[in-house]
A.B. asks: 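Can you read through this structure? Questions will come right after.
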Protein chains: 2
Amino acid sequence: MATIYEVSKLAGVSLATVSRVMNQNAYVTDATKQKVLDAMKELNYRPNSAAQSLALNRSDSVGVLVAELDGPFYGPVMAGVESELRKAGKHVIIAAGHDDEETEKEGVEFLIGRGCDALILLAETLPNEYLIELSKRDTPFVMLNRSTKTLESQCITLDNQLGGYLATKLLIEQGHRDIAYISGPLWKHDAEDRFAGHKQAMEEAGIEVDPALLFESDYREAGGSSGFLQLLNSGRKFTALACANDEMASGAMISAVQKGIRIPDDLSIVGFDNVHYARLLTPSLTTVEFPINEMGKMAARWVLKNAYGKTKLSYNNYFSPKLIQRHSTKPPASK
Amino acid sequence: MATIYEVSKLAGVSLATVSRVMNQNAYVTDATKQKVLDAMKELNYRPNSAAQSLALNRSDSVGVLVAELDGPFYGPVMAGVESELRKAGKHVIIAAGHDDEETEKEGVEFLIGRGCDALILLAETLPNEYLIELSKRDTPFVMLNRSTKTLESQCITLDNQLGGYLATKLLIEQGHRDIAYISGPLWKHDAEDRFAGHKQAMEEAGIEVDPALLFESDYREAGGSSGFLQLLNSGRKFTALACANDEMASGAMISAVQKGIRIPDDLSIVGFDNVHYARLLTPSLTTVEFPINEMGKMAARWVLKNAYGKTKLSYNNYFSPKLIQRHSTKPPASK
DNA sequence: TTGTAGGCGTTATCAG
DNA sequence: CTGATAACGCCTACAA
């Protein structure tokens with residue numbers, strides 16, 4: 001690979017001049033500029049980014065940590081981040097945290113070690129203390145779907161509680177009173193908030209939250225299936241089921257159908273996230289929209305603004321969920 | 001950030017020694033080694049990877065180019081690649097090509113410019129000539145789901161034709177004779193191959209391929225919907241439909257249901273890829289498995305072997321598709 | 001076993 | 001406007 005030195009020799013100028021035309025940050029005669037450009041073309045010159053990073057103390061790459069690289073939720077985040085960052089000439093380095101504290105920490109160190117200029121973290125298991133420590137180091141970072149008190153300005157969040165509230169409220173408005181709930185792992189902040197929203201809606205309607213109609217699951221499809229089955233076996237009747245995410249809702253739906261339960265006639269189901277395939281289920285799933293792609297873009301803009309000094313950029317760091325009504329919910333059959 | 005120089009000073013040794021204990025590639029007294037280790041800990045030292053890259057001419061990162069970062073197909077590829085590479089201490093840099101030739105080329109240059117040691121390409125639009133040119137440059141690369149004659153050893157492929165064949169053959173074996181086909185964009189190699197498999201099965205059964213029962217679409221759900229509708233409006237009867245991927249199959253399925261067509265009673269549908277949600281559709285979708293996650297891992301191993309000299313590693317570069325029978329297919333209703 | 005010194009490819013600060 | 005030259009942080013012969 002050609003170096004800047006060879007280019008300068010061929011063009012008959014000094015390296016400094018070559019560097020100048022590359023970075024267009026200083027005046028160079030059109031004539032010499034042309035000579036340099038020609039030389040670069042002829043040698044098929046590409047700057048060595050490691051050398052640039054070293055000299056500039058900046059790598060033009062930002063690290064993204066998500067739990068998984070596949071799955072209907074994380075894909076759109078990365079897509080949003082990448083599209084926005086790429087436009088700005090920045091690179092995306094990705095690490096998966098697999099919902100494991102140790103792995104997530106390793107991921108962060110991995111990314112920092114790689115010289116990322118900033119980090120975008122979608123991490124559930126990292127303890128607040130760790131994040132606070134991290135904020136004292138030199139790599140700026142922004143968090144998605146997580147709110148840490150002392151780091152508010154670095155958080156891009158969705159009002160999960162409102163989402164949970166809207167979902168259950170719809171059910172109530174439709175006339176349901178016996179409403180079961182399958183939550184995500186309650187140590188996760190968003191699961192906790194969504195559940196709080198559910199309770200809020202119930203209380204507001206004067207309905208007591210029956211512990212027998214609650215099941216704490218894992219945000220996964222299989223977990224939704226087994227949760228539903230447990231609820232069913234408990235013997236307590238319910239005409240509606242709210243799930244803390246669409247994956248569990250789809251699992252529950254599959255299990256319900258297998259048990260001969262008709263949806264929404266015998267049972268209404270509402271999910272959360274509005275993943276891509278929610279619309280494809282039969283019946284199509286009523287759910288709460290989580291604008292995760294958009295939030296990914298906002299995270300990217302946060303980075304552009306706060307780590308790359310693009311001060312003109314603006315971004316949102318608070319999003320509101322919206323209810324998406326489809327066909328998995330309807331008023332309960334009158335007895 | 002502390003540098004190797006500060007560590008050496010604190011430990012009272014030379015930089016060379018520090019470097020040696022870091023890289024564990026030369027003998028160092030246990031005593032001095034300990035001193036160095038202590039100093040590193042105390043300063044919370046992390047090597048600067050840009051400097052390492054510059055000195056070693058190696059970045060320990062590999063570039064991955066896929067069409068999209070979301071979607072049910074690409075996620076599992078990245079997950080496979082990342083998991084395998086991460087184990088080996090390599091980083092993954094991701095770029096999206098968006099199925100556009102110019103964007104894909106930019107992506108490749110972007111990745112090379114970033115100093116990737118190797119590339120994993122899942123690119124449909126890059127012309128063979130470009131790839132051949134690329135193979136003459138210094139960054140080794142492997143391609144997924146694409147076979148370029150002169151670059152066979154760098155291709156990890158699935159037998160798409162066999163897959164297409166299996167899908168249609170199932171339909172035929174079930175007694176269908178009037179079989180419609182919605183293909184992917186035929187300029188894509190895999191779409192072409194899958195379609196070839198379809199024709200092969202038809203011919204083998206002595207059934208003529210009726211052009212009125214073919215529709216070339218775009219591999220997307222909406223394309224499957226509109227394709228199906230066109231087929232329906234053509235007036236030609238068909239009792240089964242093979243789609244070149246699951247996304248189009250799901251689109252077709254949705255449209256069929258909206259038209260009051262029962263699946264599989266009135267119409268059998270088979271897809272391709274076995275994406276995650278194929279199982280969640282109603283009825284669950286019969287399809288052809290594309291072990292894309294596994295193939296991603298293989299690509300990673302190719303890189304480890306061919307770009308990082310891990311010669312002991314072995315990998316497969318040829319995969320066979322398997323039919324996954326579910327509930328969207330059954331013998332046609334007897335008239 | 002340990003230290004010295006040169007080099008990796010760029011950028012940036014000075015002079016000129 | 002252009003050219004030396006000193007960083008940037010690390011690796012690796014070569015010496016000691």
Side-chain angles (χ1 to χ4, degrees), chain A residues 1-40 43-61 89 91 112-117 138-139 308-309, chain B residues 1-40 43-61 89 112-117 138-139 308:
Chain A
M1 200 82 255
T3 73
I4 197 176
Y5 181 72
E6 307 176 43
V7 174
S8 78
K9 210 167 51 178
L10 202 163
V13 300
S14 75
L15 346 175
T17 302
V18 177
S19 177
R20 288 190 184 99
V21 351
M22 286 184 51
N23 301 298
Q24 338 193 354
N25 56 4
Y27 288 92
V28 179
T29 318
D30 278 354
T32 52
K33 183 182 204 165
Q34 198 51 53
K35 279 192 297 186
V36 171
L37 256 20
D38 290 345
M40 297 204 308
L43 294 171
N44 192 13
Y45 168 77
R46 323 255 169 182
N48 176 314
S49 70
Q52 283 180 315
S53 298
L54 185 57
L56 291 173
N57 192 32
R58 158 160 81 61
S59 67
D60 280 335
S61 64
H91 310 249
I112 292 180
R114 188 68 192 75
C116 290
D117 299 328
D138 356 57
T139 307
Y308 292 113
Chain B
M1 201 81 255
T3 72
I4 198 175
Y5 182 72
E6 306 176 44
V7 173
S8 76
K9 209 167 52 178
L10 203 162
V13 300
S14 75
L15 342 177
T17 303
V18 177
S19 175
R20 289 190 183 100
V21 350
M22 286 184 49
N23 301 299
Q24 337 193 355
N25 55 6
Y27 288 91
V28 180
T29 317
D30 277 352
T32 52
K33 182 184 206 165
Q34 197 52 52
K35 280 192 297 185
V36 172
L37 257 19
D38 290 345
M40 298 204 308
L43 294 172
N44 192 12
Y45 168 77
R46 322 258 169 181
N48 175 314
S49 69
Q52 282 180 316
S53 298
L54 186 58
L56 292 173
N57 192 31
R58 161 159 80 62
S59 68
D60 280 334
S61 64
I112 291 180
R114 188 70 192 76
C116 290
D117 299 328
D138 356 56
T139 308
Y308 292 112

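Here is how names work: the chains are called A, B, and so on, in the same order as the sequence lines, proteins then strands, and each is numbered from 1.
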A.B. asks: Output the rounded distance in Å from CZ (A/Arg20) to C1' (D/dA4).
C.D. replies: 10 Å

A.B. asks: Would you say a side-chain N or O of A/Ser19 is under 4.0 Å from OP1 or OP2 of C/dT10?
C.D. replies: no

A.B. asks: Just call it for B/Leu54: base, sugar-phosphate, or nothing, with non-hydrogen atoms closer than 4.0 Å on any strand.
C.D. replies: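 The residue B/Leu54 makes base contact.
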
A.B. asks: Report yes or no: do B/Asn44 and B/Arg46 form a side-chain donor-acceptor pair below 3.5 Å?
C.D. replies: yes

A.B. asks: Taking the minimum atom-to-atom distance to the side chain of B/Val28, which one of D/dA4, C/dT10, C/dT2 wins?
C.D. replies: C/dT2

A.B. asks: Classify A/Val18 by what it touches in the nucleic acid, base, sugar-phosphate, or nothing, heavy-atom distance under 4.0 Å.
C.D. replies: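 Here A/Val18 touches no strand at all.
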
A.B. asks: Respond yes when some side-chain nitrogen or oxygen of A/Gln52 is under 4.0 Å from OP1 or OP2 of C/dG9, and no when none is.
C.D. replies: no

A.B. asks: Would you mind telling me which of C/dT11, C/dT13, D/dC11 lies closest to the side-chain atoms of A/Leu56?
C.D. replies: C/dT11

A.B. asks: For B/Ser61, enumerate each residue passing the side chain to side chain contact (heavy atoms under 4.5 Å, CB included) test, keeping only those at least two apart in sequence or located in another chain.
C.D. replies: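 For B/Ser61 the side chain to side chain contact (heavy atoms under 4.5 Å, CB included) partners, ignoring immediate neighbours, are A/Arg114, B/Ser59, B/His91, B/Ile93, B/Cys116.
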
A.B. asks: Closest to the B/Ala55 side chain: D/dC10, C/dC14, C/dT11?
C.D. replies: D/dC10

A.B. asks: Nearest whole angstrom, please: distance from the P of D/dA4 to the OH of A/Tyr5.
C.D. replies: 10 Å

A.B. asks: Once you round it to whole Å, what is the distance between C1' of D/dA7 and CZ of A/Arg58?
C.D. replies: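 The distance from CZ of A/Arg58 to C1' of D/dA7 comes to 17 Å, rounded to the nearest Å.
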
A.B. asks: Between OG1 of B/Thr3 and NZ of B/Lys9, what distance do you get to the nearest 0.5 Å?
C.D. replies: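 One finds 8.5 Å between OG1 of B/Thr3 and NZ of B/Lys9.
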
A.B. asks: Would B/Val18 and B/Val13 satisfy side chain to side chain contact (heavy atoms under 4.5 Å, CB included), going step by step from the backbone distance to the final call?
C.D. replies: CA-CA 7 Å; B/Val18 177; B/Val13 300; 3.9 Å; yes

A.B. asks: Less than 3.5 Å between a donor and an acceptor, one on the side chain of A/Arg46 and one on the base of C/dG9, is that the case here?
C.D. replies: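 In this structure, the two groups form no donor-acceptor pair.
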
A.B. asks: Take B/Ala51 and B/Val13, find for each the nucleotide of DNA chain C with the closest heavy atom, and name the residue whose nucleotide sits nearer the 5' end.
C.D. replies: B/Val13

A.B. asks: OH of B/Tyr27 versus C1' of C/dT2: gap in Å, rounded?
C.D. replies: 16 Å

A.B. asks: Applying a 4.0 Å non-hydrogen cut-off, can you work out what B/Asn48 is touching in the nucleic acid: base, sugar-phosphate, or nothing?
C.D. replies: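 Since only primed, P, OP1 and OP2 atoms lie under 4.0 Å of B/Asn48, the category is sugar-phosphate.
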
A.B. asks: Round to a whole Å and report the spacing from NZ of A/Lys9 to C1' of D/dT2.
C.D. replies: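 Those two atoms, NZ and C1', are 20 Å apart.
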
A.B. asks: Does a side-chain N or O of B/Ser14 approach OP1 or OP2 of C/dT2 to a distance below 4.0 Å, or not?
C.D. replies: no

A.B. asks: Using whole Å, report how far NZ of A/Lys33 lies from C1' of D/dT2.
C.D. replies: 15 Å

A.B. asks: What integer distance in Å separates A/Asn57:CG from C/dG9:C1'?
C.D. replies: 16 Å

A.B. asks: Quick one: is A/Asn23 getting a side-chain N or O under 4.0 Å of the C/dT11 phosphate, OP1 or OP2?
C.D. replies: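 Yes, A/Asn23 has a side-chain N/O under 4.0 Å of OP1/OP2 on C/dT11.
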
A.B. asks: Grab the two heavy atoms, one from A/Leu15 and one from A/Tyr5, that are nearest each other, plus how far apart they are.
C.D. replies: CD2-CD1, 3.4 Å

A.B. asks: Looking at D/dC1, I'd like to know if its phosphate oxygens (OP1 or OP2) sit under 4.0 Å from a side-chain N or O belonging to A/Thr29.
C.D. replies: no

A.B. asks: Compare side-chain N and O positions of A/Thr32 against OP1 and OP2 of D/dT2 and report whether any pair is under 4.0 Å apart.
C.D. replies: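 For A/Thr32, the contact criterion (side-chain N or O under 4.0 Å from OP1 or OP2 of D/dT2) is met.
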
A.B. asks: If we check side-chain contact (heavy atoms from CB on, under 4.5 Å) with A/Tyr45, which of these qualifies: A/Leu10, A/Val7, A/Leu37?
C.D. replies: A/Val7

A.B. asks: In whole angstrom, give the distance that lies between atom CE of B/Met22 and atom C1' of D/dC11.
C.D. replies: 10 Å

A.B. asks: Phosphate oxygens OP1/OP2 of C/dG9: is one of them under 4.0 Å from a side-chain N or O of A/Thr3?
C.D. replies: no

A.B. asks: Select one nucleotide: of D/dC1, D/dG3, C/dA12, the one nearest the side-chain heavy atoms of A/Thr17.
C.D. replies: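 Ranking D/dC1, D/dG3, C/dA12 by closest atom to the A/Thr17 side chain puts D/dG3 first.
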
A.B. asks: So, OP1 or OP2 of C/dT10: does either fall under 4.0 Å of a side-chain N or O from A/Tyr45?
C.D. replies: yes

